[in-house]
A.B. asks: 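I'd like to ask some things about the structure below.
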Amino acid sequence: MKKIIGITLVILSFLSCESDDFYDRSGTEVGTISFANLPDELVLGNSYQFDLSVDQISDCHSFNRFETEVVNQNTIVVGVILNFDDNFSCEPSDNVNIRTYDYEATTPGTITFRFLSDNTPGNQDFIEYEVTVLEP
């Protein structure tokens with residue numbers, strides 16, 4: 001009888017150590033942008049809002065934020081970060097959501113915006129827009 005109680009206690013102690021994180025399938029993922037609406041010219045010192053079409057991968061994904069990397073003064077790379085919350089019944093989605101990207105023109109000259117449009121393993125493609133920033 002003592003052996004059965006001992007074995008039961010050992011099994012219960014292993015089960016009690018199991019973390020809820022084992023079942024947590026949420027986090028963030030890099031998403032893609034299928035379209036960007038930018039003007040041809042900007043004015044130095046002004047702030048702008050660009051409409052970007054963010055691809056929704058599934059109904060378990062939602063917009064989190066834009067990530068910006070300034071490669072040099074004249075090249076800006078923009079990607080999108082999506083929240084992911086797996087409810088074990090995610091359905092693929094072809095939906096596109098329009099989100100606003102804020103930008104302040106701080107450097108005169110030609111700026112190249114590169115928006116991540118494909119992020120499949122081994123392949124990254126970008127939509128590129130050249131915009132001229134004019135001095136007032």
Side-chain angles (χ1 to χ4, degrees):
M1 183 71 165
K2 289 182 181 181
K3 285 185 179 182
I4 293 175
I5 292 173
I7 292 172
T8 304
L9 288 175
V10 169
I11 291 173
L12 289 175
S13 68
F14 280 121
L15 292 177
S16 67
C17 292
E18 191 171 296
S19 170
D20 288 341
D21 292 340
F22 177 79
Y23 296 106
D24 186 19
R25 294 181 34 100
S26 62
T28 58
E29 289 185 28
V30 175
T32 56
I33 298 166
S34 56
F35 179 77
N37 186 14
L38 278 68
D40 293 331
E41 295 178 342
L42 306 174
V43 177
L44 184 66
N46 289 351
S47 295
Y48 296 90
Q49 292 186 327
F50 305 143
D51 288 335
L52 305 181
S53 299
V54 175
D55 301 324
Q56 185 176 338
I57 300 169
S58 76
D59 59 359
C60 293
H61 289 83
S62 61
F63 178 79
N64 181 306
R65 69 185 183 279
F66 289 110
E67 282 286 322
T68 302
E69 179 183 350
V70 179
V71 177
N72 57 46
Q73 284 186 328
N74 298 8
T75 304
I76 299 170
V77 178
V78 179
V80 63
I81 304 299
L82 301 174
N83 290 328
F84 176 72
D85 188 17
D86 188 354
N87 61 13
F88 295 104
S89 63
C90 298
E91 293 294 325
S93 175
D94 291 330
N95 291 341
V96 174
N97 297 306
I98 305 298
R99 297 293 175 179
T100 303
Y101 174 74
D102 296 320
Y103 176 74
E104 184 176 348
T106 58
T107 305
T110 301
I111 304 289
T112 302
F113 287 93
R114 300 183 74 209
F115 299 99
L116 183 63
S117 62
D118 183 4
N119 194 33
T120 54
N123 188 35
Q124 282 191 330
D125 287 329
F126 296 88
I127 300 170
E128 290 191 8
Y129 290 89
E130 284 192 0
V131 177
T132 302
V133 178
L134 305 173
E135 295 196 38

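Here the structure is a predicted model, which is why all the values come from computation and not from measurement.
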A.B. asks: For a side-chain hydrogen bond (donor to acceptor under 3.5 Å, both in side chains) with Gln124, tell me which candidate from Thr32, Asn119, Asp118 qualifies.
C.D. replies: Asn119
A.B. asks: Mind checking the OG1-CG spacing from Thr106 to Leu44? Nearest 0.5 Å is all I need.
C.D. replies: 7.5 Å
A.B. asks: Does some side-chain heavy atom of Phe35 sit less than 4.5 Å from a side-chain heavy atom of Val54?
C.D. replies: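 Heavy-atom side-chain distance check fails, nothing below 4.5 Å.
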A.B. asks: Of Leu52, Asp51, Ile98, which is the lone residue that meets side chain to side chain contact (heavy atoms under 4.5 Å, CB included) with Asn37?
C.D. replies: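 For Asn37, the side chain to side chain contact (heavy atoms under 4.5 Å, CB included) check succeeds only for Asp51.
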A.B. asks: Is it true that atom CD of Gln73 has more than 12 heavy atoms of other residues, nucleotides or ligands lying nearer than 6.0 Å?
C.D. replies: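 Incorrect, the count does not exceed 12.
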A.B. asks: Donor-acceptor pair, Gln56 side chain versus Ser58 backbone, under 3.5 Å?
C.D. replies: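 Yes; judged by distance alone, with no hydrogens or angles, the pair exists.
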A.B. asks: Any side-chain heavy-atom pair from Pro136 and Val43 closer than 4.5 angstrom?
C.D. replies: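 A side-chain contact under 4.5 Å exists here.
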A.B. asks: Looking at Leu42 and Pro39, what are the two nearest heavy atoms and their distance?
C.D. replies: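 It is CD2-CG, 3.4 Å.
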A.B. asks: Would you say that more than 12 heavy atoms from the other residues, nucleotides or ligands in this model lie under 6.0 Å from the CG of Asp94, or not?
C.D. replies: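 Check fails, neighbour count at 12 or below.
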A.B. asks: In terms of hydrophobic clusters joined by side-chain contacts under 4.5 Å, are Tyr48 and Ile111 together?
C.D. replies: yes
A.B. asks: Under 4.5 Å between any side-chain heavy atoms of Phe50 and Thr100, yes or no?
C.D. replies: no
A.B. asks: Who else is in the cluster with Val96 when I, L, V, M, F, W and Y are joined by side-chain contacts under 4.5 Å?
C.D. replies: none
A.B. asks: Applying side-chain contact (heavy atoms from CB on, under 4.5 Å) to Phe126 and Ile33, what does each step give before you reach the verdict?
C.D. replies: CA-CA 9 Å; Phe126 296 88; Ile33 298 166; over 6 Å; no
A.B. asks: Nearest 0.5 Å please: distance from the CZ atom of Phe63 over to the CG atom of Asn97.
C.D. replies: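 Output value for this atom pair is 9.5 Å.
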A.B. asks: Report the distance from atom CG of Asn74 to atom OG1 of Thr112, rounding to the nearest 0.5 Å.
C.D. replies: 7.0 Å
A.B. asks: Describe, in one word, how the ring planes of His61 and Phe84 are oriented to each other, choosing from parallel (under 30°), tilted (30 to 60°) and perpendicular (over 60°).
C.D. replies: tilted
A.B. asks: Rounded at 0.5 Å granularity, tell me how far CG in Leu38 sits from CD in Gln49.
C.D. replies: 12.5 Å
A.B. asks: With a 4.5 Å heavy-atom cut-off, do Phe113 and Val77 have their side chains touching?
C.D. replies: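 They are not in side-chain contact.
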A.B. asks: For Asp125 and Ile127, indicate whether the former's side chain and the latter's backbone hold a donor-acceptor pair under 3.5 Å.
C.D. replies: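 Checking the backbone N and O of Ile127 against the side chain of Asp125, no donor-acceptor pair under 3.5 Å is found.
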A.B. asks: Can you tell me how far the CG atom of Asn64 sits from the CD atom of Glu29, to the nearest 0.5 Å?
C.D. replies: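 If we round to the nearest 0.5 Å, Asn64:CG and Glu29:CD are 12.0 Å apart.
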A.B. asks: How long is the gap from CG on Leu116 to CD on Glu69, to the nearest 0.5 Å?
C.D. replies: 11.5 Å
A.B. asks: Consider only side-chain N and O atoms of Tyr101 and Thr68, and report whether a donor and an acceptor are under 3.5 Å apart.
C.D. replies: yes
A.B. asks: What's the shortest heavy-atom distance between Asp59 and Glu91, and which atoms?
C.D. replies: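 The pair with the smallest heavy-atom distance is OD1-N, 2.8 Å.
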A.B. asks: Which residue pairs satisfy the side-chain hydrogen bond (donor to acceptor under 3.5 Å, both in side chains) criterion with at least one member in residues 127-136, sequence neighbours excluded?
C.D. replies: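 As it turns out, the side-chain hydrogen bond (donor to acceptor under 3.5 Å, both in side chains) pairs with a partner in residues 127-136, which skip direct neighbours, are Arg114-Glu128.
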A.B. asks: Is the closest side-chain donor-acceptor distance between Asp55 and Ser34 under 3.5 Å?
C.D. replies: yes
A.B. asks: I'd like to check Val30 versus Ile81 (side-chain heavy atoms, cut-off strictly below 4.5 Å). Are they in contact?
C.D. replies: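 With C-beta onward as the side chain, the pair touches.
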A.B. asks: Answer yes or no: are there more than 12 heavy-atom neighbours, outside Asp40 itself, under 6.0 Å from its atom CG?
C.D. replies: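 Not buried by this count: 12 neighbours or fewer within 6.0 Å.
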